[in-house]
Amino acid sequence: MGYDGDQPVGYAYGAPLPQGSRWWGGLLTDVPADVTAETGTRTYALSELMVREPWRKTGVARQLHSALLATRREERATLLVDQTHPKVHALYRSWGWTTLGDLRPRLADAPLFHAMLLGLPVAL
Ligand SMILES: CC(C)(COP(=O)(O)OP(=O)(O)OC[C@H]1O[C@@H](n2cnc3c(N)ncnc32)[C@H](O)[C@@H]1OP(=O)(O)O)[C@@H](O)C(=O)NCCC(=O)NCCS
């Protein structure tokens, strides 16, 4: 959670991918097997980042993202961006994330995502 005085401004959360994680199960792009091999300590999955509207375009979103990732000891982070949200995809690219490929989770009506990666640690 991020606060501006006593006002909550947004949040970010995630979790490490366990060994044998199904995170990569819906990857549609061919990549070498070692790219998606999870050990339980290799990859932190950033599940969500949200900032309340009055605090958007202020740098708070990147601060929250980087403050969370700076606590992590994994070698890399991953996230999924809905492909119908190209501006959010561009925002993450501008923060250093790279696009690994297309991913559609094996769930009914799941959207098509860009799967992204960022090397850790991040600079604050
Ligand atoms: C993503 C977020 C944290 C980025 O905050 P920020 O760095 O201050 O950047 P902005 O809010 O200006 O967003 C960048 C652009 O992406 C667009 N955008 C943001 N979230 C969007 C969404 N869910 N769907 C479509 N477009 C979105 C914004 O409208 C903005 O476009 P603009 O430059 O034309 O105004 C914030 O926009 C947010 O909380 N969005 C809703 C939740 C979300 O989509 N989180 C990311 C996926 S988990």
Side-chain angles (χ1 to χ4, degrees):
M1 290 288 302
Y3 290 89
D4 181 359
D6 61 357
Q7 285 291 308
V9 299
Y11 62 79
Y13 69 86
L17 294 183
Q19 196 172 11
S21 168
R22 288 188 294 178
W23 177 269
W24 301 113
L27 192 65
L28 302 172
T29 304
D30 277 338
V31 299
D34 63 309
V35 173
T36 56
E38 296 302 338
T39 61
T41 57
R42 185 184 191 193
T43 309
Y44 184 75
L46 179 62
S47 298
E48 206 169 324
L49 171 65
M50 190 284 298
V51 168
R52 291 173 64 200
E53 284 185 0
W55 285 274
R56 293 187 188 172
K57 301 188 195 298
T58 66
V60 158
R62 188 172 189 178
Q63 255 184 293
L64 270 175
H65 151 279
S66 302
L68 173 63
L69 294 181
T71 68
R72 303 307 313 175
R73 294 292 167 266
E74 290 80 8
E75 67 188 63
R76 64 184 187 169
T78 183
L79 61 74
L80 303 177
V81 182
D82 190 319
Q83 294 202 3
T84 63
H85 299 163
K87 287 179 177 175
V88 181
H89 186 218
L91 186 69
Y92 285 123
R93 285 202 310 269
S94 77
W95 295 350
W97 291 78
T98 57
T99 306
L100 177 65
D102 298 335
L103 188 152
R104 191 189 298 278
R106 292 181 180 151
L107 300 167
D109 302 323
L112 183 62
F113 292 100
H114 295 293
M116 303 191 80
L117 288 171
L118 178 72
L120 298 180
V122 291
L124 272 180

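Atoms within each ligand, like the ligands themselves, are counted from 1 in listed order. All figures in this text were calculated on a predicted structure; none of them were measured in a lab. For this chain, numbers begin at 1 and follow the sequence in order.
A perpendicular orientation is assigned to the rings of Tyr92 and Trp95, their planes being inclined by more than 60° (bins at 30° and 60°).
The contact shell of ligand 1, taken as protein residues with any non-hydrogen atom closer than 4.0 angstrom, comprises Glu48, Leu49, Met50, Val51, Arg56, Lys57, Ala61, His85, Lys87, Val88, Leu91, Tyr92, Trp95.
Among all heavy-atom pairs drawn from His65 and Leu46, the shortest one is CD2-CD2, 4.0 Å. Counting all heavy atoms, side chain and backbone alike, Met50 lies closest to Leu64 at O-CD1, 4.1 Å.
Under the ring-ring contact (aromatic ring centres under 6.0 Å, His included) criterion, no residue pair touches residues 27-62, with sequence neighbours excluded. Within the structure, every pair that satisfies the ring-ring contact (aromatic ring centres under 6.0 Å, His included) test and touches residues 100-124, not counting sequence neighbours, is listed here: His89-His114.
Cluster partners of Leu107, using a side-chain heavy-atom cutoff of under 4.5 Å among ILVMFWY residues and allowing indirect links: none.
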